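Working notes, structure below.
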Amino acid sequence: MKKYTIQSEVCIYQDHELSPADRELVEAAKEATRHSYSPYSQFQVGAALRLQDGTVVTGSNQENASYPLGLCAERTAIFHAQHQHPQQPIVALAIAAYANGHFYPEAIPPCGACRQVMLEVEDRYQQPMRVLLYGANGTHVVSTVKALLPFQFISESLKK
Ligand code: THU
């Protein structure tokens with residue numbers, strides 16, 4: 001039997017410790033929660049992406065009476081960005097959530113499906129995408145999606 005450990009590095013920033021660009025991205029994600037269509041969960045999620053050329057693209061969760069058809073904020077933003085700006089790698093993604101009259105206090109954990117889609121972004125552009133998970137108590141930052149989804153299934157996996 002062999003055993004190995006997979007470790008992820010996460011940095012936690014208070015608002016004043018974020019760079020101006022990161023703070024702008026987090027603010028854009030918070031602002032995007034206002035465009036969420038979430039009458040079923042009442043859980044408003046916002047995502048903001050920074051493209052390599054500096055453009056910021058946002059998205060929010062969009063729900064449906066047929067529950068599984070709804071789409072998370074991250075995927076709404078990613079698919080929109082990749083349609084509008086297919087040549088632009090996404091260098092950073094910030095997520096925020098608002099419910100019960102306040103922003104989610106802990107770093108908002110992206111769902112597994114979104115992590116897989118975020119991983120594809122890194123695979124597609126062959127460069128890491130930083131991920132900023134906003135929480136009122138601190139923003140958790142990872143320098144690559146791989147930190148959120150170890151043991152990845154990517155395009156290369158299909159060739160083995
Ligand atoms: N949601 C997101 O938009 N992103 C996540 O990463 C977690 C969950 C949405 C989906 C659904 O509209 C609501 O939050 C409750 O699950």
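Atoms within each ligand, like the ligands themselves, are counted from 1 in listed order. All figures in this text were calculated on a predicted structure; none of them were measured in a lab. Numbers for residues simply follow the sequence, beginning at 1.
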Contacts under 3.5 angstrom, residues 102-122 side chains, donor-acceptor by atom type, not counting sequence neighbours:
residue, atom, partner, partner atom, Å
E106, OE2, N137, ND2, 3.1
R115, NE, P110, O, 2.7
R115, NH1, L148, O, 3.1
R115, NH2, P110, O, 2.9
Q116, NE2, F153, O, 2.9
E122, OE1, T144, OG1, 3.0
E122, OE1, K146, NZ, 3.4
E122, OE2, M129, N, 2.8
E122, OE2, T144, OG1, 3.1
E122, OE2, V145, N, 2.8

For Q87, does the CD atom sit with more than 12 other heavy atoms under 6.0 Å from it, leaving out its own atoms? no

Heavy-atom contacts with ligand 1 below 4.0 Å: which residues, ordered by chain and residue number? S41, F43, V45, N61, E63, C72, A73, E74, P109, P110, C111

Looking only at atom types and distance, does a side-chain atom of D123 sit under 3.5 Å from a main-chain N or O of S155, one as donor and one as acceptor? yes

Partners passing side chain to side chain donor-acceptor pair (under 3.5 Å) against R130 (at least two apart in sequence or in another chain): D22

Please list, one pair per line, the donor and acceptor atoms closer than 3.5 Å that link side chains of residues 56-70 to other protein atoms, with sequence neighbours excluded.
residue, atom, partner, partner atom, Å
S60, OG, H35, O, 3.0
S60, OG, S36, N, 3.4
S60, OG, Q62, NE2, 2.9
N61, OD1, S36, OG, 2.7
N61, OD1, V45, N, 2.9
N61, ND2, F43, O, 2.8
Q62, NE2, H35, O, 3.4
E63, OE1, Y40, N, 3.1
E63, OE1, S41, N, 3.1
E63, OE2, S41, OG, 2.6
N64, OD1, S66, N, 2.8

Minimum heavy-atom distance T33-Q44, with the two atoms named: O-NE2, 3.0 Å

